[in-house]
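In what follows, every chain begins at residue 1, and chains take the letters A, B, ... in the order their sequences are listed.
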2 protein chains.
Amino acid sequence: MISCSCDQCEIKSIFFDTISSKSLDFYCAARKELLVEKGTRFIKQGDQIKEFKYLKSGLVKLHKTDSHNREQIISFGNPMDFVNIHNIFGNDVYDYSITALEPSTICSFDIKIIKDLVQTNGAFALKLINTISLSANRIISDSLKIRNHSLYGKVAAVLLFFADHIYVSSEYELPISRKEIAQYTGLSIETVIRSISEFRRDGLIKVFGKRIEIIDKEGLELIYENS
Amino acid sequence: MISCSCDQCEIKSIFFDTISSKSLDFYCAARKELLVEKGTRFIKQGDQIKEFKYLKSGLVKLHKTDSHNREQIISFGNPMDFVNIHNIFGNDVYDYSITALEPSTICSFDIKIIKDLVQTNGAFALKLINTISLSANRIISDSLKIRNHSLYGKVAAVLLFFADHIYVSSEYELPISRKEIAQYTGLSIETVIRSISEFRRDGLIKVFGKRIEIIDKEGLELIYENS
DNA sequence: TCTCAAACATGACAAATGTCACAAAACATC
DNA sequence: GATGTTTTGTGACATTTGTCATGTTTGAGA
């Protein structure tokens, strides 16, 4: 049967449905797997795009440096929705970096293999387009949430994002610093810290360093809605 | 030869490269063309997605209503980069509306035809993925520009966007109202108006109602960079 | 032409957010 | 442990941005 170790890998759902088990062996052999530790920037803005990369496990941030050397965070990606797809087919050079926020496993294929697959396997192509669309949709919609809310709404959105989409728990270890929340929302660090302190004082959340516990989720959602 | 009237249509560049002239006739016959006037909302948030639509000419805005019935503008699309692709493959219902800002020509195909094409014509699939990626990239990158700049930077970004990407001229008729700039940037209307007035007073632009003339483009770009 | 509604504009003031200064806590490195 | 660096936290104050009020201009339609 399949000797591939990526049994649990998300990308499997793209391959399995559309590729015969025999061919699957070939693709599994062509696959490289890389375990990176927290803080590793494994894709760098400006690098040539030679591989198709997929997040098997972990959590990452997509970020870029603007013309004034300010760091901006574009989005976060977890195994369910991250592939470096937004760049890979459009450009030949990455216009953002990707850095692990937690220990992560990256699978990669030579991009030629994937392009061949798209051209020769219609079902795969359709599935890939679906994945790209959903991923792009999510980034655009998250971005809009940040753009059109003010301070408390923005910070609430970030806390709720990790609770609802990443950890699926009202209690979690915040994988990013206050500074990174600022870089994501476009706010100043102090304002972010103050907002979190205020949520704490108002009994909406409990904070122990990076550990966040959402006490009054409805209240936090209400704040998100109204500011 | 080809009796199709869409000789000048942008989508042609997707089809022509990848479809034999004989098949092209079939696709041209299956195509519907719709001319909509300014202000027409031809795609509605919540509607079922049954067709693949493409902007042949004109200018549109992508927008949605949030839970408080506030109108938010996501992005603008012109013939070079607009297809309703971000939704069409991921979801079965539109999660945003599209409205014409100028008289526009919309081409549409039954979505089944396009999905068939993706599955049976590899070159087409690859080209479509490219188009989707580039379009999503642009929206994400524009959104980031708005997110991480303050007042003057945001407004300058909008004015420069129309000058550089839509009209390719430093003098143009602004296709949106001040209110719509506010909905796009997340600012209040008054603040937008004030900012434009200030640009005018500082000699960066001339304003005659909706007509904008950028006098000092470098100055405006500098403001964009620094705020 | 007249009328009404929407868009544009500006002032005065309130509220939100950023900046600067400083300190405590957390964390890495020796 | 000792030391230095980064992160978190808070106050005071300046600046930015929003809100409300009010008036003018523009544009569509009777």
Engineer: Who passes side chain to side chain contact (heavy atoms under 4.5 Å, CB included) against B:Ser150, sequence neighbours left out?
Structural biologist: B:Ser227
Engineer: Going from NZ on A:Lys154 to OH on A:Tyr224, what distance comes out if it is rounded to the nearest 0.5 angstrom?
Structural biologist: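 Result: 12.0 Å between the selected atoms.
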Engineer: For A:Lys32, enumerate each residue passing the side chain to side chain donor-acceptor pair (under 3.5 Å) test, keeping only those at least two apart in sequence or located in another chain.
Structural biologist: A:Glu51
Engineer: In a check of side-chain contact (heavy atoms from CB on, under 4.5 Å) between A:Phe162 and each of A:Ile212, A:Ile176, A:Val168, which one passes?
Structural biologist: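 The residue from A:Ile212, A:Ile176, A:Val168 that satisfies side-chain contact (heavy atoms from CB on, under 4.5 Å) with A:Phe162 turns out to be A:Ile176.
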Engineer: Of all nucleotides in DNA chain C that come within under 4.0 Å of a heavy atom of chain B, which is furthest toward the 5' end and which toward the 3' end?
Structural biologist: C:dA7 to C:dA12
Engineer: Using a 4.0 Å heavy-atom cut-off, does B:Ser188 contact any base of the nucleic acid, only the sugar-phosphate backbone, or nothing at all?
Structural biologist: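 Contact class for B:Ser188: base.
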Engineer: Counting only non-hydrogen atoms, which of residues 145-163 of chain A are less than 4.0 Å from DNA chain C?
Structural biologist: A:Ser150, A:Leu151
Engineer: For D:dT8, does either OP1 or OP2 sit under 4.0 Å from a side-chain N or O belonging to A:Lys210?
Structural biologist: yes
Engineer: Between atom CZ in B:Arg70 and atom P in D:dG18, what is the gap in whole Å?
Structural biologist: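 Rounded to whole Å, this separation is 13 Å.
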Engineer: Under 4.0 Å between any heavy atoms, over every strand shown, what does A:Ile189 touch: base, sugar-phosphate, or nothing? Just pick one.
Structural biologist: nothing
Engineer: If the threshold is 4.0 Å, N to carboxylate O, is there a salt bridge linking B:Asp142 and A:Arg147?
Structural biologist: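 A salt bridge is absent here (no side-chain N lies under 4.0 Å from a carboxylate O).
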Engineer: Can you list, in residue-number order, the parts of residues 191-207 of chain A that come under 4.0 Å of DNA chain D, counting heavy atoms only?
Structural biologist: A:Ile193, A:Arg194, A:Ser197, A:Arg200
Engineer: Before accepting this row, confirm whether a basic side-chain N of the pair A:Glu213/A:Arg211 lies closer than 4.0 Å to the acidic partner's carboxylate O.
Structural biologist: no
Engineer: Do A:Ser75 and A:Arg138 touch side chain to side chain, with heavy atoms closer than 4.5 Å?
Structural biologist: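 Touching, per the 4.5 Å side-chain cut-off.
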Engineer: Picking from A:Arg70, A:Gln45, A:Gln72, what satisfies side-chain hydrogen bond (donor to acceptor under 3.5 Å, both in side chains) with A:Thr65?
Structural biologist: A:Gln45
Engineer: Rounded off to whole Å, could you give me the CZ-to-P distance for the A:Phe208 and D:dT8 pair?
Structural biologist: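 Result: 16 Å.
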Engineer: Using five base pairs at each end to define the local axes, how bent is the helix from C:dT1-D:dA30 to C:dC30-D:dG1, to the nearest 10°?
Structural biologist: 60°
